[in-house]
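When reading the values below, keep in mind they use all heavy atoms of this one structure, side chains included, and skip hydrogens, waters and symmetry mates.
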Amino acid sequence: MGDLSKNFSRSEFACKGTNCCGHSAPIQPELISALQALRDQVSLPLSITSGFRCNHHNESVGGAAQSFHTLGMAADVDCSDGLTAEDLARAAETIPAFQQGGIGIYPSWVHLDVRTTGKARWRND
């Protein structure tokens, strides 16, 4: 049982930086709702490898200058529980907030965001 939704807890989305914001996690409710809908659809746990990033941490990991992670609107989801990145991205396409948001496919994980500035898709194989 999570403290943000049925399956997600704030600690999963906390900034993983060191000597920065103190592991804060200002996550947008729209992201949590969309991830919960995705989790319910795939019926598998979703492991969040990166949620909120403060500006200092985002810069230290080479994140995009305008990263949606810094706005609490993005999460990177690991695909090690029986789903490929392609499977998870395909499932995310059925969730309205992700249909209009960002989906980036990487070899073993998927970036998902609930941007409202227009649909974005990319691959990094």
Side-chain angles (χ1 to χ4, degrees):
M1 186 66 133
D3 59 7
L4 291 174
S5 73
K6 182 172 65 174
N7 298 105
F8 293 104
S9 296
R10 185 169 301 279
S11 61
E12 298 174 85
F13 296 90
C15 181
K16 293 180 173 48
T18 55
N19 300 320
C20 55
C21 64
H23 308 295
S24 60
I27 292 295
Q28 297 296 315
E30 295 82 7
L31 176 64
I32 300 304
S33 294
L35 286 169
Q36 185 63 56
L38 179 60
R39 199 270 183 225
D40 291 344
Q41 181 180 340
V42 299
S43 299
L44 290 170
L46 298 179
S47 177
I48 307 302
T49 58
S50 183
F52 174 74
R53 296 179 195 154
C54 70
N55 289 330
H56 176 78
H57 180 56
N58 188 57
E59 186 176 322
S60 73
V61 298
Q66 304 293 321
S67 172
F68 286 93
H69 284 277
T70 64
L71 302 174
M73 299 172 74
D76 296 336
V77 182
D78 181 62
C79 296
S80 61
D81 284 326
L83 282 176
T84 67
E86 294 287 340
D87 293 337
L88 187 59
R90 196 171 15 261
E93 287 283 1
T94 68
I95 307 299
F98 295 137
Q99 286 174 346
Q100 302 305 314
I103 300 176
I105 301 173
Y106 294 80
S108 63
W109 53 280
V110 176
H111 168 99
L112 299 169
D113 70 58
V114 293
R115 69 183 69 195
T116 57
T117 55
K119 180 178 176 175
R121 300 293 182 267
W122 65 94
R123 301 185 66 91
N124 191 343
D125 294 321

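Among residues two or more places apart in sequence or in another chain, the side chain to side chain donor-acceptor pair (under 3.5 Å) test is passed with Ser11 by none. Partners of Arg10 by side chain to side chain donor-acceptor pair (under 3.5 Å), not counting sequence neighbours: none found. In this structure Thr84 satisfies the side chain to side chain contact (heavy atoms under 4.5 Å, CB included) test together with Glu86, Asp87, sequence neighbours excluded. Residues meeting the side chain to side chain donor-acceptor pair (under 3.5 Å) test with Arg121, sequence neighbours left out: Glu93. Residues passing the side chain to side chain donor-acceptor pair (under 3.5 Å) test with Ser50, sequence neighbours excluded: Arg53. A search for salt bridge (Lys or Arg N to Asp or Glu O under 4.0 Å) contacts involving Asp125 returns Arg123, not counting sequence neighbours. Considering only residues two or more places apart in sequence or on other chains, Ile95 meets the side chain to side chain contact (heavy atoms under 4.5 Å, CB included) condition with Ala34, Ala37, Leu38, Gln41, Phe98.
Ser9 places no side-chain N or O within 3.5 Å of a backbone atom of Glu12 that could act as its donor or acceptor partner. Counting only distance, with no hydrogens or angles, the side chain of Ser67 and the backbone of Gly63 share no donor-acceptor pair below 3.5 Å. Within the 3.5 Å criterion, the main-chain N or O of Ala97 finds no donor-acceptor partner in the side chain of Gln100.
Applying the under-4.5 Å side-chain rule to Ile, Leu, Val, Met, Phe, Trp and Tyr, the cluster around Met1 consists of that residue alone. Applying the under-4.5 Å side-chain rule to Ile, Leu, Val, Met, Phe, Trp and Tyr, the cluster around Val61 consists of that residue alone.
Screening residues 103-112 for side-chain hydrogen bond (donor to acceptor under 3.5 Å, both in side chains) gives His69-His111, Asp76-His111, Tyr106-Trp122, His111-Asp113 as the qualifying pairs, with residues at least two apart or on separate chains. Pairs engaging residues 14-32 under the salt bridge (charged side-chain N to carboxylate O under 4.0 Å, His left out) rule: none recorded [sequence neighbours left out].
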Going by atom type alone, with no hydrogens or angles, which donor-acceptor pairs under 3.5 Å involve a side-chain atom of residues 21-28 and a protein atom two or more places apart or on another chain?
unit_1, atom_1, unit_2, atom_2, d
His23, ND1, Cys15, O, 2.8

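Heavy atoms from other residues, nucleotides or ligands lying under 6.0 Å from CG of Asn19 number 12 at most.
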Give the intermediate values and the outcome of side chain to side chain contact (heavy atoms under 4.5 Å, CB included) for residues Phe13 and Leu35. CA-CA 12 Å; Phe13 296 90; Leu35 286 169; 3.7 Å; yes

